[in-house]
Amino acid sequence: MGNTDSVVVQKRLARFRPEERPVVEGVFDRLHGASPAGGAGKAGKVLTLGMLKPCMGNIASDSMIKRVYAGMCSMDPGVAPPPPGAGVSREQLVVFLADVLRGTAEERAPLFMAMAQGTGTGVATCDQIIEFLQDLVSAVVQIIIQKSRLQGWKPERMADVSIGVKLLAEQMSSELKPSDQRTCDVPCLEDWLFRVSNVAMYMDLLIGEGLNVGLTSRPPPTLLPPCWETPWEKLRCLLDLPVLMFLTPQLPDGYNIPWKLLFSTQLHGESFTKIVGSCKGRGPTVLLIKDTKGHIFGGFASHGWEVKPQFQGDSRCFLFSVFPCLRVYTCTGYNQHYMYLNQGQQTMPNGLGMGGQHGYFGLWLDSDFGRGHSRARPRCTTYGSPQLSAEEDFTLDSLEVWGVGKPPEEEEGATGGKRSILDADPEVQAMMEMAGKTLHSQGLREPEENNG
């Protein structure tokens, strides 16, 4: 029984470049050769579960390998497959590889159903989907580590990866639209796979690396940003690899810009002045906060922080939670209270805030170091986020600030001197803006003196 006997197989192979097709067709023989129970992959031979373990065992758990095998067994190759339990035919393997590596959401949905609950039909519970995702994410993390794709990150000096695996799996599953009984049928999975692209990307990576299917048209994806100049010997990072895999693509520059640690309470002590000095004018940043109750949350600031009593930033800013759940909260458009940083003034709040309004920030760190709040009931007006901390008013356990963008260049030819009462006292400007006053003097500034 050869590939030429199946129109289905030939159509699947046509999705690959001519030079890639021998690679795809050769996986069957290679898996046979890698297994002590195998031999030459002649017609009539089948793959068994035991033949997958030698090549996938170093990156995937036994349960994930069984899921992959179940997916292979569920394939309809267009010709009579082996009897149930007898193994996977050459044709089934080719169709499986084509659907994983080049398939549509419609084709992948029954395949993912089989990997989640054992068959490609019927329904899967949300818990079964989460367990499948935990196995998948765990395998992807192992690929990153085993294949030396850490980009400078040190998982042994970061948060517990097993917790991050569960957090990311739960976040991905939260995008499902299950029935009232919390079950998903194949159309539900198809809709989910269409919207949540990283599910298919992770499976693509697992199969490509696990079965050594090197395709010239699709190199392995980059899942982590570079990390530069981090004193790992002194740091225990609040991030773990799965959380970093989730946060990075949310950033405007994605994987292109290196992360650089600007501030950590572990390294730099507990000082609001040091926080201000570390992040002021340093370009985009990610703030990570852990409160004394164990909740971890933070925000992305799209601009370099400026010390002034007005809001700043733009709609690219967002808030996020890490623990107990992994979520991102983007701008609602209700207001423009994206970022706020003030220090040493009497009439306006002193501290660092994101979203909401004075006294009711989505995220607030007081200049009296160690105290903060997340007063967002029911939701932060700027970001739509709920209360991020365990308690509305929280005590800080630890804080990290990461630079995730290019620092702004110094403006050339900047003029000095005060031109207006609004320049002389930014507090006055902020108070007028809060009161809804039109700032007419903005257009009545004194002309620059001619020093020529």
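Values in this document were obtained by computation on a predicted structure and should not be read as measured data.
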Residue pairs passing the side-chain hydrogen bond (donor to acceptor under 3.5 Å, both in side chains) test where at least one lies in [range], sequence neighbours excluded:
range	result
residues 183-197	S179-T183, D191-R195
residues 152-166	D160-S162
residues 217-242	E20-S217, R102-S217, D204-R218, E229-K260

Using only atom types and a distance under 3.5 Å, with no angle test, would you say the side chain of [X] pairs donor to acceptor with the backbone of [Y]?
X	Y	answer
S321	F323	no
R108	D99	yes
Q387	A390	yes
E107	T104	yes
R30	L211	yes
R149	I144	no
R375	Y360	no
Q312	W305	no

ask   = About how many Å separate CG of D397 and OG1 of T265, when rounded to the nearest 0.5 Å?
value =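 Going from OG1 on T265 over to CG on D397, the span is 7.5 Å.
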note = Value for NE2 (H268) from CD (E400), rounded to nearest 0.5 Å, stands at 10.5 Å
task = Locate the shortest heavy-atom distance separating L47 from H32; write the atom from each residue and the value.
result =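 Shortest heavy-atom separation between L47 and H32 comes out as CD2-CD2, 3.6 Å.
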Is it the case that the ring center of [Y] lies less than 6.0 angstrom away from the ring center of [X]?
X	Y	answer
F272	F369	no
F300	Y383	no
H358	F311	yes

query = What's the verdict on side chain to side chain donor-acceptor pair (under 3.5 Å) for S389 and D291, showing C-alpha distance, side-chain angles and the deciding distance?
reply = CA-CA 7 Å; S389 48; D291 66 23; 4.8 Å; no
Without placing hydrogens or testing angles, list every side-chain donor-acceptor pair under 3.5 Å for residues 248-255, not counting sequence neighbours.
from : atom 1 : to   : atom 2 : distance (Å)
T248 : OG1    : L244 : O      : 2.7
Q250 : NE2    : F246 : O      : 3.1

inquiry  = Going by side chain to side chain donor-acceptor pair (under 3.5 Å), name the residues that satisfy it together with T395, two or more places apart in sequence or in a different chain.
reply    = none
query = Considering residues at least two apart in sequence or located in another chain, which fulfil the side chain to side chain donor-acceptor pair (under 3.5 Å) criterion with S374?
reply = none
